[in-house]
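Report on the following structure.
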Amino acid sequence: MDFNNLHTILRSLYDEMMPLCEDMAGVAQAIAGLGALFYVAYRIWRSLAAAEPIDVFPLLRPFVIGFCIMFFPSVVLGTINSVMSPIVQGTASMLEGQTLDMQKYREEKDRLEYEAMMNDPSTAYLVDDAEFDRQIDELGVTEIGTAAGMYIERGMYKVKKAIQNFFRELLEMLFQAASLTIDTIRTFFLIVLSILGPVAFALSVWDGFQSTLTQWIQRYIQTYLWLPVADLFSTILAKIQVLMLQNDISELTNNPNANLDSSNTCYVIFMIIGIIGYFTIPTVAGWIIQAGGAGNYNRAVNTTAMQVGSGAASVGGAVAGNVAGNAGKLLK
């Protein structure tokens, strides 16, 4: 499954839904126009009743908001997105650099691990078919028990590697699914805020709803920041994996007989941490810019993340422990 393609589809979905803002502009203009009539009339009447000069500057507020509603996609959304897009691009470039380094070091680690096992005659037959066939051919008729043991050990090694690869791929898929979940919810929130933004601006013209304007801007920016925060979190996890791979490469270079089972277990643990950590992104974004109205969502997401993480941690611990134990027995 190409998760990058799914993220790209979400980006295009946001762009495709933006024309709907223009459909809401007509309704919003009617609401804002009626609100502007009462807004201006009330203040002029109050000034006349108190025999005070009319202050014209505050009366310009509904007209400025009306201008923003008329050109909402370009003036409001275009301005905010243009200001915030460099942040998204910067964090995305950081993540891309760390991901490329991680892939390079992972290939280097696999190569060194393969060479270390090939250099040891007691383990070479486990990873190379030609070496396995050669050692089997060298055994005599009286060494049938040894040949049977080699078949069993080779089969157990393949099962162990299959379990390791399956569990690693499962955690990586859950990690990518958590990222896609956050991105999907973010896109949904941004689309709703964008389409109903003109209505929020129109309501802010009415007395008693002035805070609607600032709350909408705060919530839009906070939701927009979910993506760069997620990229930073992924960058940190990728950097940790790079450091772990560098340590494994150093161990394999200096000690060909090094046992990397503990490193594989640490990788599993960090993947579980990453799955749980993805669901804390809305809370972290709320620390950057404060916006109300998402408290119940954050609590629900964090509760679900803890339940999922507890289940993944228990299964991960059991499987990783069994795999590590079997690996230790096979490599002795």
Side-chain angles (χ1 to χ4, degrees), residues 1-11 91-114 157-187 226-249 252 260-282 284 301-302 304-324 326-327:
M1 183 179 296
D2 188 1
F3 284 94
N4 292 328
N5 188 34
L6 296 177
H7 288 285
T8 304
I9 292 175
L10 291 176
R11 306 291 183 274
T91 54
S93 62
M94 294 170 57
L95 176 60
E96 183 179 0
Q98 291 299 323
T99 302
L100 293 176
D101 291 341
M102 182 177 63
Q103 293 176 351
K104 179 184 68 176
Y105 286 119
R106 180 175 293 176
E107 293 174 357
E108 180 69 13
K109 174 193 171 184
D110 292 340
R111 184 183 65 80
L112 291 175
E113 189 173 4
Y114 175 81
Y157 177 80
K158 289 185 175 181
V159 170
K160 180 202 72 170
K161 296 297 292 185
I163 294 175
Q164 284 181 339
N165 293 332
F166 168 77
F167 194 66
R168 186 184 69 180
E169 292 176 0
L170 176 63
L171 287 178
E172 290 178 349
M173 185 188 68
L174 292 176
F175 181 80
Q176 295 292 341
S179 172
L180 185 62
T181 301
I182 292 297
D183 198 7
T184 303
I185 297 175
R186 170 186 177 271
T187 304
W226 286 14
L227 182 59
V229 172
D231 288 341
L232 285 176
F233 181 70
S234 300
T235 302
I236 293 172
L237 291 178
K239 184 63 177 178
I240 292 174
Q241 294 179 23
V242 167
L243 294 176
M244 293 173 59
L245 290 172
Q246 288 178 342
N247 182 67
D248 293 342
I249 291 173
L252 290 171
L260 301 180
D261 290 333
S262 60
S263 176
N264 295 329
T265 304
C266 291
Y267 176 80
V268 170
I269 293 174
F270 274 109
M271 290 300 297
I272 296 174
I273 293 173
I275 294 171
I276 299 174
Y278 252 114
F279 292 97
T280 64
I281 288 173
V284 177
V301 166
N302 291 335
T304 305
M306 293 303 296
Q307 293 175 352
V308 173
S310 299
S314 60
V315 176
V319 175
N322 292 332
V323 171
N326 292 333

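In what follows, every heavy atom counts, from backbone to side chain, and hydrogens, waters and symmetry copies are set aside. For reference, positions follow the sequence shown, starting with 1.
- In this structure, Met271 CE and Ile276 CD1 are separated by 12.0 Å, a value rounded to the nearest 0.5 Å.
- Ile182 approaches Pro282 most closely through the heavy-atom pair CD1-CD, 4.3 Å.
- Applying the side chain to side chain contact (heavy atoms under 4.5 Å, CB included) criterion to Ser234, with sequence neighbours excluded, gives Leu95, Phe175, Tyr278.
- Atom CD of Glu107 and atom CZ of Arg111 lie 10.5 Å apart (nearest 0.5 Å).
- Taking the side chain as every heavy atom from C-beta outward, Trp226 and Ile185 approach each other to under 4.5 Å.
- Shown here for Ile273 and Phe233, the closest heavy-atom pair between the two residues is O-CZ, 4.2 Å.
- Residues Ala178 and Phe279 come closest through the heavy atom pair CB-CE1, 3.9 Å.
- Note that CD1 of Ile249 and CG of Asp110 are 9.5 Å apart. Values are rounded to the nearest 0.5 Å.
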(request) Apply the test side-chain contact (heavy atoms from CB on, under 4.5 Å) to residues Asp183 and Arg11: give CA-CA distance (whole Å), side-chain angles for both, the deciding distance (0.1 Å), then the verdict. (result) CA-CA 9 Å; Asp183 198 7; Arg11 306 291 183 274; 2.6 Å; yes
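- Nearest approach of Thr235 to Asp231, heavy atoms of both residues: OG1-O, 2.6 Å.
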(request) For Asn247 and Met244, run side-chain contact (heavy atoms from CB on, under 4.5 Å): C-alpha distance rounded to whole Å, both residues' side-chain angles, the deciding distance at 0.1 Å, then the answer. (result) CA-CA 5 Å; Asn247 182 67; Met244 293 173 59; 5.7 Å; no
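- The two residues Ile275 and Leu171 come nearest to each other via the heavy atoms CD1-O, 3.9 Å.
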(message) Assess the residue pair Glu108 and Gln246 against the criterion (side-chain contact (heavy atoms from CB on, under 4.5 Å)); give the C-alpha distance rounded to whole Å, side-chain angles, the decisive distance to 0.1 Å, and a yes or no.
(response) CA-CA 9 Å; Glu108 180 69 13; Gln246 288 178 342; over 6 Å; no
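- Applying the side chain to side chain contact (heavy atoms under 4.5 Å, CB included) test to Ala238 and every residue at least two apart in sequence or in another chain returns Gln98.
- To the nearest 0.5 angstrom, Thr181 atom OG1 is 10.5 Å from Ile281 atom CD1.
- To the nearest 0.5 Å, atoms CD1 (Ile9) and CG (Leu180) are separated by 9.5 Å.
- In this structure, the separation between OH on Tyr105 and CG on Leu112 is 12.5 Å, given to the nearest 0.5 Å.
- Applying the side chain to side chain contact (heavy atoms under 4.5 Å, CB included) rule to Leu232 yields the partners Thr91, Met94; only residues at least two apart in sequence or on another chain are considered.
- Contact check on Asp248 versus Arg106 returns no salt bridge, with no Lys/Arg side-chain nitrogen under 4.0 Å from an Asp/Glu carboxylate oxygen.
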